[in-house]
Undergrad: 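Quick one: structure below, then a few questions.
Worth knowing before you read on, the calculation uses all heavy atoms, side chains too, and leaves out hydrogens, waters and symmetry mates. So that the names make sense, note that chain A is the first sequence line, chain B the second, and so on, each numbered from 1.
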Amino acid sequence: MSATIFRFLDRVGLEAFAPVVKLIQGEDVALQMRRIAVNFGAPLLTFLLFLGAWSFASSHIMTKYGHLPSPGDVVTQAGVLWEAHVEGVRAEKAFYEAQETKIAELTAAAKIFSERGQADKAARMEELAREAKQAKFSASPSYVTQILTSLKTVFAGFIVASLIAIPIGVLCGTSPVVQAGLNPLIQIFKPVSPLAWLPIVMICVGALYTTRPEEAWFEKSFLSSALTVALCSLWPTLANTALGVASIEKDHLNVARVLKLDTWTRVRKIIIPSALPMIFAGLRISLGVGWMVLIAAEMLAQNPGLGKFVWDMFQNGSSQTLAQIMVAVFTIGIIGMGLDRIMIILQRSVSYASVSR
Amino acid sequence: MRGYVELFNLGKTYDTPKGPQVIVEKFDLNIEKGEFIALLGHSGCGKSTVLTMLAGLNSISQGGIVVAGREIQGPGPDRGVVFQAPCLLPWMTAYDNVALGVDRVFPHASKAERRATVEYFMELVGLSSSMHKLPKELSLGMQQRVGLARAFAVQPKMLLLDEPFGMLDSLTRMELQEVLADILQKDGKTALMVTHDVDEALFLADRVVMMTNGPRAKVGKIIHVPFERPRERARVLAHESYYDLREQMIEFLEEQEKLKHQAA
């Protein structure tokens, strides 16, 4: 039982909690207390120091919009943003309820008119009902909506990047010719900033994605953000996959050679499983890079998402909006940490070597 | 005389920064069908080089190798290899490791037939009860049993064993030597085993081929092992000529060692 708990904690990267479990089990209390003090006391202390420094700074730095927001202001603004979101959800619900009622009334009226034999009036009512149906609730997206947009975009970009990077990485790792051929391009494009890619991506999306808006699956802004994320985040996965594939144990490859496995079986049964831990290490870096890139891309391109939120708040320029930007900073950080955690869990679950029995 | 396996005028030259280095030269050996050859020599003399060339994992510099009437070109499942380390794929169970080869070599057999093959060889090496475990859950000795099962299960024309028990403790090593002797008794496979263990060679082989020390290593001396099969360790050890043969082998190895020091 306890072994299962420890294995779980190890898998999800929460080893810090292991002493707590041991303490509950009554194992060497003094030692566990010391460990808990290190695992939780130290982070708590640093956090308090950070809050102290921040409070000091906020009361001493005067901006043109007033004082730099204090931790308290930021918490307040987080509440404000949340209430605005709740209010927005309520308003949207109310709008659609009202719309339903209106359509129902118009349809009923149309029925009455047609029973009376006034066909033209009935047709008019039906047309009004159709018009009412098409009305969409419009309000500036709330903070939570922006977060969801950003998450959707980063995952879309990340998936596109992975689908490109992993196969190319496998090719690079298995074939010295491909590796030699692609290496210069990779070396040149890898260090390019997302901000340089963005205009090119936007122009290309504008030129190539000509589907009419009402038929399109994605909005242009979504596509250009996601592709920028993909372009910047595919490199770590590509490099790691190539390295992982190239550093497969020679013994394992000899097994494949002796059996004369065909290429596809070799890739599927030997190369990919062997390189999987490295591939996931790359994916983890990629997702982190993608998340950073996305915020910058959204700011620059004014594409919906957290980055746009930050830019809009900056343009609004007041003490409250400054505090809201700080809320965004924490949100971005916490989400980034959460994404990293998820990747750590995935990475540990595929590493055949390090998992203890 | 032409054998089932022929190594003629075999040579291996490596290019080093100091110029070409000849490791093996003019290595001639004929192996009959069903014969077990132990290749003995000091470490670094080039015995593994000969084996890897026969396996096709190492390119041949001079001469050639013929197996069952055909000159070999690279590796292939007609020559099963057991490596010194078990070399199991760590992400697959013992069963899947063996099945990988079976599925490759008998693609037209039914699923049930292939499963039966894998299970038969798993039983032969005494692993029926733990065949669905991952390699890391098995001891080194058990992993090497899987290695043996994997090599036999593809039913190769010959078996190549590269110091297969070199990493095991002596008790496990003796156990596995018996497992190997048992399977060979049932299967009658032609086999070449590289070893530096004199007793192992005597227990398993029909002929012990001893190599001279490199560079330019070749066949130095061949000893016929007259013990009847099936062999039992106690009876082998009690055989009248056992210690005589053992003495001859050690004498040869010591002589080689002396020559090496004189050359140096």
Undergrad: Checking heavy atoms, do the side chain of Leu134(B), its backbone, both or neither come under 4.5 Å from chain A?
TA: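 No part of Leu134(B) comes within 4.5 Å of chain A.
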Undergrad: Start with the C-alpha distance between Gln187(A) and Asn183(A), add both sets of side-chain angles, then the distance that settles side chain to side chain donor-acceptor pair (under 3.5 Å), and finish with yes or no.
TA: CA-CA 6 Å; Gln187(A) 298 292 337; Asn183(A) 203 31; 3.3 Å; yes
Undergrad: With rounding to the nearest 0.5 angstrom, report the CD to CE distance, Gln347(A) to Met278(A).
TA: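 Interatomic distance, Gln347(A) CD to Met278(A) CE, rounded to 0.5 Å: 10.0 Å.
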Undergrad: May I ask you to list the residues in residues 70-82 of chain B that approach chain A closer than 4.5 angstrom, counting heavy atoms only, ordered by number?
TA: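 Answer by number: Gln73(B), Pro75(B), Gly76(B), Pro77(B), Arg79(B), Val81(B).
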Undergrad: Does Thr46(A) reach the main-chain N or O of Pro43(A) with its side chain, forming a donor-acceptor pair under 3.5 Å?
TA: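 Flag set: sc Thr46(A) to bb Pro43(A) pair under 3.5 Å.
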Undergrad: Do other residues, nucleotides or ligands put more than 12 heavy atoms under 6.0 Å from the CD atom of Glu123(B)?
TA: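 Open: at most 12 neighbouring heavy atoms sit under 6.0 Å from CD of Glu123(B).
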Undergrad: Going by distance alone, is a donor N or O of one side chain under 3.5 Å from an acceptor N or O of the other, for Ser162(A) and Thr237(A)?
TA: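 The answer is no; no qualifying pair exists.
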Undergrad: Quick one: closest heavy-atom pair of Lys189(B) and Lys157(B), and the distance?
TA: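 Looks like CD-O, 4.3 Å.
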Undergrad: Report the relative orientation of the aromatic rings in Phe158(A) and Phe155(A); use parallel for angles under 30°, tilted for 30 to 60°, perpendicular for over 60°.
TA: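 Phe158(A) and Phe155(A): perpendicular rings.
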Undergrad: Does Phe8(A) CZ have over 12 foreign heavy atoms under 6.0 Å away?
TA: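 No, the 6.0 Å shell around CZ holds no more than 12 heavy atoms from other groups.
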Undergrad: Indicate yes or no for a side-chain donor-acceptor contact from Gln143(B) to the backbone of Leu138(B) under 3.5 Å, with no hydrogens or angles considered.
TA: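 A pair under 3.5 Å: yes.
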Undergrad: Do any of residues 98-112 of chain B come closer than 4.5 Å to chain A, heavy atom to heavy atom, and if so which ones, in number order?
TA: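 Those residues of residues 98-112 of chain B which have a heavy atom under 4.5 Å from chain A are Leu100(B), Gly101(B), Arg104(B).
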Undergrad: Which one of Ile270(A), Asp262(A), Thr265(A) has the most heavy-atom pairs closer than 4.5 Å to chain B?
TA: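 Most heavy-atom pairs within the cutoff with chain B belong to Ile270(A).
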Undergrad: Over 60° means perpendicular and under 30° means parallel, so classify the ring planes of His252(A) and Trp91(B), tilted if in between.
TA: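 Trp91(B) and His252(A): perpendicular rings.
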Undergrad: Quick check on the interface: out of Leu261(A), Val258(A), Val255(A), Asp251(A), who has the most heavy-atom pairs with chain B under 4.5 Å?
TA: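 The residue among Leu261(A), Val258(A), Val255(A), Asp251(A) with the greatest pair count is Val258(A).
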Undergrad: State the CD1-CD1 distance between Ile168(A) and Ile164(A), to the nearest 0.5 angstrom.
TA: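 Here the interatomic distance stands at 6.5 Å.
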